[in-house]
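What follows is a single structure, written as structure tokens, with notes after it.
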There are 4 protein chains.
Amino acid sequence: MSKALLKRGSGAGRPRSQALDEAIIEAATQLIECMPYGEVTIESIALKAGVSKATIYRRWPNKSAITVEVLLRQSLQMQIPFEAVSYREHLVTGMQGLREILSGVFAEAIVAVIAETQNNEVLRKIFYQAFISRMQAIGEADLEKAIQLGEARGDITKGMIFDQLFGTFYYRLLVVHKSIDDDYIERMVDSVIRQIS
Amino acid sequence: MSKALLKRGSGAGRPRSQALDEAIIEAATQLIECMPYGEVTIESIALKAGVSKATIYRRWPNKSAITVEVLLRQSLQMQIPFEAVSYREHLVTGMQGLREILSGVFAEAIVAVIAETQNNEVLRKIFYQAFISRMQAIGEADLEKAIQLGEARGDITKGMIFDQLFGTFYYRLLVVHKSIDDDYIERMVDSVIRQIS
Amino acid sequence: MSKALLKRGSGAGRPRSQALDEAIIEAATQLIECMPYGEVTIESIALKAGVSKATIYRRWPNKSAITVEVLLRQSLQMQIPFEAVSYREHLVTGMQGLREILSGVFAEAIVAVIAETQNNEVLRKIFYQAFISRMQAIGEADLEKAIQLGEARGDITKGMIFDQLFGTFYYRLLVVHKSIDDDYIERMVDSVIRQIS
Amino acid sequence: MSKALLKRGSGAGRPRSQALDEAIIEAATQLIECMPYGEVTIESIALKAGVSKATIYRRWPNKSAITVEVLLRQSLQMQIPFEAVSYREHLVTGMQGLREILSGVFAEAIVAVIAETQNNEVLRKIFYQAFISRMQAIGEADLEKAIQLGEARGDITKGMIFDQLFGTFYYRLLVVHKSIDDDYIERMVDSVIRQIS
DNA sequence: CCCTAATCGAGACGGTACGTCTCGTCTTATC
DNA sequence: GATAAGACGAGACGTACCGTCTCGATTAGGG
């Protein structure tokens, strides 16, 4: 009896298979990549992963949650090291990465999740931490280094600058649906540099 | 005789009631205002407008299309005259208007439509013309006046500047979910002014 | 005033076009012939006849009524003269005609109308007069002649005999969906003859 | 292990609730009994049975299929034992039962199903086995006994006789809409007896 | 020869059932 | 306990047809 109580919540019963976690995420990723996001169904994910619906619902509360998971994995693959190059180079590279994501196959899923966050507090937090703050942090963390390296002033209002930088990309790629070329990025970054130095 | 020939094919049959157009739009507007967008249903709109479902589907192909119509009407009410004030004042007032819309009851609907436009070319065009280009035009039209008044240089790249301006608002209000105060707006506008003069 | 009253209902206004009556009936006939009865629509009839829906509804209250009209025309083409042959020959020929109708393209429409008559008193009367009583009358009228010719007794219960005769055909062709060959008909008729002589 | 393999594909997943089967049939039966068949809706059945539409469509493809099920249950309740009475008595009793069904609340549903069978092979077979052949079999099975008991000849053409017997009832009650009294039945049966002995 | 009232084609309209779909929960037997 | 399979309630979807209606245009026949 005490054994059961001790175990409860941690290791009781058959443990969840991590392989299934991976299978589900993988299936969801592929489906989001190759068909309109609106047509991706929990059922289709279950079918593709060779898993029952209940197995999915046991891990995530709904499609949006899975999608966030998928997006997080994708963004994790986009590493932006800040070494041996100037802050300007760093920003250019970073924004090129963001451009790829926002104009690629996952754009639709990203907007869908953003839409969902409008009246879903929980998802909003998850998405923010997994995606937004991660990017913002990359920019700001490196800004600190830049300040220390003397490439940037120390008295600027960080918030607004990155709102401008990221906002322009989200707006132009997801709302206006116009492309962004390297020249556009460099001018954007120069505009930022000008404001912080 | 020729009169009849000319009319044939265009005005034949019972004409659609404009009163019903209004009733439907009005009902949709109210429902979008007072409940989560996801819970607004074609059926609920029909019920509220005192209209049959077919009457709605005869005019719009789906919920998104009606929503664009609703948003257009809303944006039309947001008139921003440019008289007797400086271009700076004008921009500040305009952005305050955009802030109201993007942080008000219609924000959810706007994002939902943006999500829908990701893989719906037709809707994308309608939404762009009805909403995006209208705002962009307001900014740019007045910029022309500002240039003529000597308040702005003539050789700037308009596109990017307004991408920055609008993008920041969309991003901060709809994605990051942080508020924008008057001070923030003024600094944004000053930043724009600085770039164009 | 009295003038108007006198006219009302007779000749005032533009008279209905008989040509359209024919066009509608013809279109309905062809559609019933070549597609499942359930798929024949007032709208499809209107389209095929090059006529508006209102023009049809001005003449008949619903699809069943048109169908009865169509069936009547068909049955009128099936004339069974009783001349120079025995009553037995006459019955055989008549039943062969009924067989053709009940196993042809109009069978479906006939059953549909019969179904409709179950809770539609008005249609029931129309159908009865246009179709059932016409056939029954053919049998009975000739029975009178047969009695006078000495081919039949005068004291038989006519009702039941023809119920048997027609009923067998309706049941076997429309309900059981088995065919009826000439031998079957002759045995049926002989059975009837035996009972009346 | 082999047990599991054998079962797989047949008994996997949550089994369908038999209680719901009953609830649906019961609801359909009551609705067919108390309102015009044309007004009985899948939705009304679902509502009355306290069941979702999908649960009904999972079991039957459409209203006709449910109706056949209902009719089968009704006909099963009409048992006609053949004991201690003559074959003539038996036939009279049986036909009285058929009369009750064909002139009762289910007549409308029966004709509707018959209409549906005209261009629906699948339904035709189901209806035939569930309803027609069952009645035919009752008559014929007892005829065998009658032959063995010496009440009937052994060389008669069974098919036509029962076509006559049943056909007369269907035709008179469902098509001509005239009633059938006990005297009529006895004369019908006598006519049959005369033909088989 | 014009006037008038009904007809006509076209198609909008309210109503309503259809059969399908997805969601998120549940039940069962198996592992 | 987790798992696969899939039933289940709920309810929206978009389509289809019904029978009525509203238009403007068109006819005949009576004045």
Side-chain angles (χ1 to χ4, degrees), chain A residues 4 7-8 11-17 20 38-39 41-44 46-47 49-59 61-63, chain B residues 1 3-5 7-17 20 38-44 46 50-59 61-63, chain C residues 3-4 7-9 11-17 20 38-39 41-44 46-47 50-59 61-63, chain D residues 1 3-4 7-17 20 38-44 46 50-59 61-63:
Chain A
K7 280 190 174 181
R8 190 68 22 140
R14 176 177 170 178
R16 287 190 193 161
S17 160
L20 291 185
E39 292 177 19
T41 301
I42 293 283
E43 247 142 11
S44 66
L47 187 65
V51 141
S52 80
K53 270 203 298 179
T55 300
I56 295 180
Y57 279 109
R58 210 171 284 121
R59 287 144 214 263
N62 48 48
K63 195 171 81 165
Chain B
M1 193 57 119
K3 209 169 56 180
L5 283 173
K7 281 194 174 182
R8 189 80 3 175
S10 61
R14 177 175 173 177
R16 288 192 190 160
S17 161
L20 292 184
E39 292 177 19
V40 176
T41 299
I42 295 281
E43 249 143 6
S44 66
V51 141
S52 79
K53 263 204 298 181
T55 298
I56 295 182
Y57 279 110
R58 209 172 282 123
R59 286 145 211 263
N62 49 49
K63 198 172 74 165
Chain C
K3 212 166 53 177
K7 281 191 177 181
R8 192 60 30 132
R14 175 176 174 179
R16 287 190 194 158
S17 159
L20 292 184
E39 291 177 20
T41 301
I42 292 282
E43 250 143 9
S44 67
L47 187 65
V51 141
S52 80
K53 268 203 299 178
T55 299
I56 295 181
Y57 279 110
R58 211 172 283 122
R59 288 143 212 263
N62 48 48
K63 194 172 80 164
Chain D
M1 191 57 115
K3 207 167 59 179
K7 280 193 176 183
R8 190 69 17 156
S10 60
R14 176 177 174 178
R16 290 195 189 154
S17 161
L20 293 184
E39 291 176 21
V40 176
T41 300
I42 294 283
E43 249 143 6
S44 65
V51 142
S52 80
K53 266 203 297 180
T55 298
I56 295 181
Y57 279 109
R58 208 170 284 122
R59 287 146 212 262
N62 48 48
K63 197 171 76 164

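Below, chain A is the first sequence line, B the second, and so on; all start at residue 1.
Note: CZ (C:R59) to P (E:dA6) measures 15 Å, nearest angstrom. Atom-to-atom, CG of B:L20 to P of F:dT22 comes out at 12 Å; the value is rounded to the nearest Å. The CD1-C1' distance, from D:I56 to F:dA10, rounds to 14 Å in whole Å. Whole-Å rounding puts the C:R14 CZ to F:dT27 P distance at 5 Å.
Taking the salt bridge (Lys or Arg N to Asp or Glu O under 4.0 Å) definition, one finds that B:K63 meets it with nothing, sequence neighbours left out. Applying the side-chain contact (heavy atoms from CB on, under 4.5 Å) criterion to A:T55, with sequence neighbours excluded, gives A:L20, A:I24, A:V51, A:S52, A:R58, A:R59. Annotation: salt bridge (Lys or Arg N to Asp or Glu O under 4.0 Å) contacts of C:R14 (sequence neighbours excluded): none.
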Task: Per-nucleotide protein contact string for nucleotides 15-20 of chain E, where B marks a base within reach and S marks sugar-phosphate only (heavy atoms under 4.0 Å, - for neither) - done: B-SSBB
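Look at A:T55 and you'll find a side-chain N or O under 4.0 angstrom from OP1 or OP2 of F:dA4. Here B:R58 does not reach the OP1 or OP2 of F:dA16: none of its side-chain N or O atoms lies under 4.0 Å away.
For the pair C:Y57 and C:N62, the tightest heavy-atom approach, listed with the atom from each and the gap, is CE2-CA, 4.5 Å.
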